[in-house]
Protein chains: 2
Amino acid sequence: MADKHELRDKGLRLTPQRELVLAAVRALEHATPEEVAEKVKQTHPGINLSTVYRNLETLENVGLVQHSHLGHGGVRYHASTEEIHAHLNCESCGTIIEVPIDATASFTQSLLDGYGFHTDLAHLAIAGRCETCFNMPETFNKP
Amino acid sequence: MADKHELRDKGLRLTPQRELVLAAVRALEHATPEEVAEKVKQTHPGINLSTVYRNLETLENVGLVQHSHLGHGGVRYHASTEEIHAHLNCESCGTIIEVPIDATASFTQSLLDGYGFHTDLAHLAIAGRCETCFNMPETFNKP
DNA sequence: CACTAATTGCGAAAGATTCGCACTTGCCGC
DNA sequence: GCGGCAAGTGCGAATCTTTCGCAATTAGTG
């Protein structure tokens with residue numbers, strides 16, 4: 001699971017809670033803080049939500065995890081080691097489609113050329129509608 | 001400001017609060033509900049925050065305004081008549097760069113071709129760093 | 001002018017995240 | 001191995017944003 005040294009090497013103490021939070025983020029992919037807490041509780045029922053929030057923040061500061069905003073819902077965390085991808089978020093059904101980041105390279109390059117903007121497509125989802133929902137007008141505007 | 005008929009035509013009652021909310025959204029561009037309320041209070045100090053929220057929702061339902069998620073902050077509303085554009089949101093300094101939607105056409109087309117996904121780039125901002133912040137490493141990770 | 005339904009104000013509630021503070025515990029040096 | 005100290009945790013309260021219920025008000029209609 002979590003290598004004993006990767007936390008220590010970052011100057012962090014090695015607590016069971018912290019290890020479990022990191023392991024949960026890695027196992028879950030795109031998990032909300034709530035879901036991470038849920039997962040951790042399976043092996044450490046006493047963990048406090050505050051502790052989960054604090055550890056997510058701490059782990060993010062040292063670069064082991066990152067968060068993204070994947071839609072109307074809230075924040076979601078993923079391990080930094082996960083392959084980088086953009087997220088297409090269907091506003092009707094909530095489906096998340098993952099797109100390899102190199103499929104977006106020419107777009108981000110054009111933003112760099114045109115606006116000097118260094119795009120981080122992994123951080124915010126791209127909104128829209130998937131094929132299925134697009135063909136069901138009655139679901140429009142009701143995510 | 002707000003044409004007397006555009007609200008009535010949508011089947012809505014014409015109340016001073018509603019007119020002012022619509023006017024504020026149009027005047028402010030990318031305003032949070034909080035900011036809209038602030039603006040409305042300049043001419044109608046008694047307005048209640050709930051009323052602002054309800055009117056934003058109502059106005060969105062009839063298509064006069066829309067909301068987007070522009071970054072870590074919260075929701076922002078803009079008038080539907082504004083020219084459609086994507087938003088590049090610098091995570092360091094919070095600057096919003098507006099990009100005409102046709103500059104993104106080939107990207108959205110490729111998402112449609114490749115994933116059957118109908119992209120609405122106006123709804124969620126694109127995260128990244130502006131030129132200035134990109135060249136100031138010390139500001140990294142502290143939006 | 002009276003009537004009815006839409007709208008507002010207000011206070012409370014709900015959900016998510018943060019904070020303060022006292023208690024606990026990992027880690028370092030001895 | 002043992003003690004001390006700062007980092008980390010648990011807990012409850014505070015904050016912030018958004019929503020809700022309900023009674024009072026008001027726009028639009030005839």
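Just so you know, these numbers use all the heavy atoms, side chains as well, and skip hydrogens, waters and symmetry mates. Quick note on labels: first sequence line is chain A, next is B, and so on, each numbered from 1.
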Atom [atom1] of [X] to atom [atom2] of [N]: distance rounded to whole Å?
X       : N      : atom1 : atom2 : value
B:Leu49 : D:dT17 : CG    : P     : 9 Å
B:Arg18 : D:dT25 : CZ    : C1'   : 14 Å
B:Arg8  : D:dG28 : CZ    : C1'   : 7 Å
A:Glu19 : D:dT9  : CD    : P     : 11 Å
B:Leu56 : D:dT17 : CG    : C1'   : 13 Å
B:Glu34 : D:dT18 : CD    : C1'   : 10 Å
A:Arg13 : D:dA6  : CZ    : P     : 10 Å
A:Lys10 : D:dG8  : NZ    : P     : 15 Å

Checklist entry - With nearest nucleotides of DNA chain C determined for B:Thr51 and A:Leu12 from heavy-atom distances, which residue corresponds to the more 5′ nucleotide? => result B:Thr51
Item to check | Sole candidate of A:Val21, A:Val65, A:Leu64 that passes side-chain contact (heavy atoms from CB on, under 4.5 Å) when paired with A:Arg26 | outcome: A:Leu64
Checklist outcome for this item: Footprint ends on DNA chain C, 5' to 3', for atoms under 4.0 angstrom from a heavy atom of chain B, come out as C:dA5 to C:dG11
Check whether any side-chain heavy atom of [X] lies under 4.5 Å from a side-chain heavy atom of [Y], and answer yes or no.
X       : Y       : result
A:Leu70 : A:Asn89 : no
A:Val25 : A:Leu56 : yes
A:Gln17 : A:Leu20 : no

Next on the checklist: Using a 4.0 Å heavy-atom cut-off, does A:Ser50 contact any base of the nucleic acid, only the sugar-phosphate backbone, or nothing at all?
Outcome noted: base
Checklist entry - NA contact type, A:Arg54, heavy-atom cut-off 4.0 Å: base, sugar-phosphate, or nothing? => result base
Checklist entry - Pick the nucleotide of DNA chain D nearest each of B:Pro16 and A:Thr15; which residue has the one closer to the 5' end? => result A:Thr15
Checklist entry - Between the side-chain atoms of A:Thr58 and the base atoms of D:dG8, is any donor-acceptor pair under 3.5 Å? => result no
Item to check | Under-4.0 Å side-chain N/O to phosphate OP1/OP2 contact, B:Gln17 with D:dT26 | outcome: no
Item to check | Ring centroid separation A:His87 to A:His123 under 6.0 Å | outcome: no
Checklist entry - Does the gap between the ring centers of B:His30 and B:His85 come in under 6.0 Å? => result yes
Donor-acceptor pairs are to be reported for all side-chain atoms of residues 100-108 of chain B against protein atoms at under 3.5 Å, with residues two or more places apart or in another chain.
residue	atom	partner	partner atom	Å
B:Thr104	OG1	B:Ile101	O	2.6
B:Thr108	OG1	B:Thr104	O	3.4
B:Thr108	OG1	B:Ala105	O	2.9

Checklist entry - From the list D:dT9, D:dT18, D:dG12, which nucleotide is the closest neighbour of the side chain of B:Val75? => result D:dT18
Next on the checklist: Checking contacts here: which listed nucleotide (D:dC11, D:dA27, D:dT9) is nearest the side-chain heavy atoms of A:Asn48?
Outcome noted: D:dC11
